[in-house]
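Just so you know, these numbers come straight off a predicted model, no measurement behind them. For the numbers below, each heavy atom of this structure counts, side chains included, while hydrogens, waters and symmetry mates do not. Chain letters run A, B, ... following the sequence lines, proteins first and then strands; every chain starts at 1.
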Amino acid sequence: MIGLLDANNFYVSCERVFNPDIVNKPVVVLSNKDGCVVSRSNEAKSLGIGMGTPFFQIKVLAEMEDIRVYSSNYTLYGDMSGRICAEVKSLIPNVEVYSIDEQFLDFGGFGGHDLSALGNEVKTRVKKHIGIPTCLGIVKTKTLAKIANHITKKSLTHNGIYVLEHPKLVEAFLRLTPVGDLWGVGRRYQKKLAEHKIYTALDLYNTPEHFVRKQMTVVGQRLWHELHGRPCIPLEQISKPKKNICTSRTFGQLETDLSAIKEAVATHAASCAEKLRKESSIANYLQVFIQTNRYRKDDPQYSNRAANRSFTWTLPIASNDSRDLIRYATQALEQIFRSDFKYNKCGVIVSGLVPENERQLNLFESTDKQPEPIFEQVQAVCRPDNRVMKAMDDLNGRFGAKTIKLGATMSTQKTQSWQLTPSLLSPHYTTKFTDIPIARCS
DNA sequence: TCTGGGGTCCTAGGACCC
DNA sequence: TCTGGGGTCCTAGGACCC
C-alpha cells in the first residue's frame with residue numbers, strides 16, 4: 001500500500017504557524033512579484049478566490065473581506081517542507097518527496113499493522129511537531145492514493161485520512177472523481193475524453209485499454225493500469241539528478257534598456273550556476289530567453305523563442321562556473337535582443353547536465369596553469385579548479401546569500417529597475433540570516 | 001520498371017505536474 | 001497599472017550512420 005501525504009493549503013499553513021492571529025481568517029499567499037494567488041485558506045476559497053487569480057482582480061475584495069495577504073516566502077516553505085519530511089521518516093522510513101507539500105509513503109512491510117492508526121499517527125505528529133495540517137490517502141497505487149487524498153480533503157468526516165482496501169470502495173471513489181481531476185489528465189485530455197463520453201475516473205477505468213493507449217499514449221496506459229490497482233509508477237526514494245535548470249523572473253517594470261536586461265540575465269546565469277554547483281552537476285548547453293508582456297495586446301510583441309531565435313549555446317567545456325555562464329549568457333542575449341520592444345521577462349536555462357566528475361574534456365584544453373596566449377579563450381572556460389566558486393559558495397553559506405556577488409550582477413542606479421522587492425513578505429522564521437534579530441539567535 | 005534493413009541522435013511540439 | 005516560476009516525459013520527424 002502507498003500513501004500520499006499532502007499538506008493542506010501549504011503556504012498559508014506555514015504562515016499561520018508563526019502567526020496564529022490569522023488562523024480562521026481568510027488568507028492568501030501570492031506568487032513572485034505579488035502577481036497571482038498561489039495558496040488559499042479554506043476561508044479564502046469560500047470567498048470564491050480561484051487558484052492563480054491575478055491579485056489586482058481581487059484587491060478590492062481583499063480589503064472588503066479583510067483577507068490577509070502574503071508575498072511568497074520560499075525560504076520558509078522549503079525549510080518547513082524539510083521538517084515535515086524528517087518527521088514522517090521517523091515513522092515511515094521509505095518516502096518519496098514528490099513536491100514541496102506532497103510525499104508518497106511506502107506502507108509495504110507494515111502488513112500486520114492497522115494502517116489507519118499508523119497513518120493517523122503520522123498526521124498527528126506532523127501537526128503537533130511542525131504545526132502543519134495534512135491529509136492522507138492510502139491505496140494500492142500512487143494514482144489511487146492521489147484520488148483518495150483528494151476526496152479526503154473535501155470530506156469533513158474521517159479526520160483527513162482514508163485507507164481504501166475494498167474494491168467496491170475504490171469504485172465508489174472513482175465514480176466521485178471527474179476524469180480531469182486525475183493525476184496525469186490535464187485540460188486537453190479532459191476535453192478529448194469528454195468527446196468520447198468519458199467524464200469520470202470510473203468511465204476511464206471501464207474504457208478498453210487499447211483505446212486509452214491510442215488516445216493518451218503509454219502515459220495514459222500506465223494511468224489506466226494504476227486505476228485498476230496495478231502499480232506502474234514506482235516509488236522513487238532517491239531523487240534523480242535534474243536534467244534542466246531554469247532561472248527566470250518578470251521585471252519590476254517594463255524594460256527597454258539592454259544594460260539593465262544584461263544585468264538581469266547575468267544574475268539568472270549566476271543563479272543557474274549556483275544551482276548546478278549545489279547539484280554537483282555541470283551544464284553543456286545554455287539558452288537565454290526574453291519576452292514582452294503578452295497581456296498587453298496593444299504593445300508590439302516579441303519573444304525570441306516564438307520567433308524561432310531560440311539559440312542553444314554549446315559551451316566549449318561543460319561548466320558550473322558562474323563566470324563562464326555569465327559570459328555566454330550575456331553574449332547570447334546580444335544575439336536575441338531587439339530594440340524598440342518593452343520587455344517584461346527574461347531567463348536562463350541550462351541543459352545537458354552531467355555529474356561534475358564526468359566532464360568531457362575538450363581536445364584543445366590545456367591543463368597548464370600558464371597557458372599559451374592562443375589558448376586564452378579556451379582556458380577561460382575550463383578552469384580546472386573551481387576554488388573561487390567554492391570560496392564564494394562557502395562565504396554565502398556562512399554569512400547569508402549574496403554576501404559575495406560577481407560584478408556583472410551588481411546593480412547601478414541606472415539598471416536596478418528590473419528587480420523588485422516583495423512588499424508583504426514574512427520573516428525567514430526558521431532559517432539563519434533573517435531580517436529579524438530573534439531568529440538570528442537561532 | 002525495379003530501389004533494403006537496421007540503427008542512433010537531436011529537436012520541436014504536445015501533454016502533463018507542482 | 002497590475003497577470004509566477006519552476007520542472008518532466010513522450011512522440012514524430014528529420015538527419016545521419018552502416
Under 4.0 Å, counting only non-hydrogen atoms across every strand here, what does [X] touch: a base, just sugar-phosphate, or nothing?
| X | result |
| --- | --- |
| Lys59(A) | nothing |
| Thr53(A) | nothing |
| Ile349(A) | nothing |
| Gln57(A) | nothing |
| Lys192(A) | nothing |

Given [N], is OP1 or OP2 found less than 4.0 Å from the side-chain N or O atoms of [X]?
| X | N | value |
| --- | --- | --- |
| Arg296(A) | dC2(C) | yes |
| Lys33(A) | dC2(C) | no |
| Lys345(A) | dG5(C) | yes |
| Arg213(A) | dT11(C) | yes |
| Thr312(A) | dT11(B) | no |
| Ser248(A) | dG4(C) | no |
| Asn244(A) | dG6(C) | no |

Can you check the [X] [atom1] to [N] [atom2] distance for me, whole Å?
| X | N | atom1 | atom2 | value |
| --- | --- | --- | --- | --- |
| Phe289(A) | dA12(B) | CZ | C1' | 17 Å |
| Gln221(A) | dC10(C) | CD | P | 12 Å |
| Glu236(A) | dC9(C) | CD | C1' | 12 Å |
| Leu30(A) | dG5(C) | CG | C1' | 14 Å |
| Trp183(A) | dC9(C) | CH2 | P | 12 Å |
| Phe55(A) | dG5(C) | CZ | P | 17 Å |
| Asn32(A) | dG4(C) | CG | P | 10 Å |
| Gln253(A) | dT3(C) | CD | C1' | 17 Å |

Candidates [options] - which lies nearest the side chain of [X]:
| X | options | value |
| --- | --- | --- |
| Arg222(A) | dC2(C), dC10(C), dG7(C) | dC10(C) |
| Thr247(A) | dG6(C), dT3(C), dC18(B) | dG6(C) |
| Thr217(A) | dG4(C), dT11(C), dC9(C) | dT11(C) |
| Tyr189(A) | dG7(C), dG4(C), dC16(B) | dC16(B) |
| Val218(A) | dT3(C), dG5(C), dC10(C) | dC10(C) |
| Arg249(A) | dG5(C), dT8(C), dT11(C) | dG5(C) |
| Tyr295(A) | dC9(C), dG4(C), dG6(C) | dG4(C) |
| Lys146(A) | dT8(C), dC17(B), dG5(C) | dC17(B) |
| Val38(A) | dG4(C), dG7(C), dC2(C) | dG4(C) |
| Lys243(A) | dG7(C), dG4(C), dC9(C) | dC9(C) |

Is it the case that the side chain of [X] and the backbone of [Y] share a donor-acceptor pair, with hydrogens and angles ignored and the cut-off at 3.5 Å?
| X | Y | result |
| --- | --- | --- |
| Asp6(A) | Glu102(A) | no |
| Thr200(A) | Val179(A) | no |
| Ser46(A) | Asn42(A) | yes |

What does dC10(B) pair with, Watson-Crick or G-U, if both distances are under 3.5 Å?
dG13(C)
Using a cut-off of 6.0 Å, state whether more than 12 heavy atoms not belonging to Lys140(A) lie near its atom NZ.
no
Run the numbers on Trp183(A) and Phe104(A) for ring pair (Phe, Tyr, Trp, His ring centres under 6.0 Å), then give the verdict.
CA-CA 14 Å; Trp183(A) 190 37; Phe104(A) 286 107; 5.6 Å; yes
Whichever of Ile245(A) and Tyr74(A) has the more 5' nearest nucleotide on DNA chain C, that residue is Tyr74(A)
On DNA chain C, does the nearest nucleotide to Cys36(A) precede the nearest nucleotide to Lys242(A) from the 5' side, or the other way round? Give the residue.
Cys36(A)
Show your working on ring pair (Phe, Tyr, Trp, His ring centres under 6.0 Å) between Trp224(A) and Phe211(A) and close with a plain yes or no.
CA-CA 11 Å; Trp224(A) 186 86; Phe211(A) 179 86; over 10 Å; no
Could Arg125(A) and Glu121(A) be called an ion pair, given the rule that one side-chain N must be under 4.0 Å from one carboxylate O?
yes
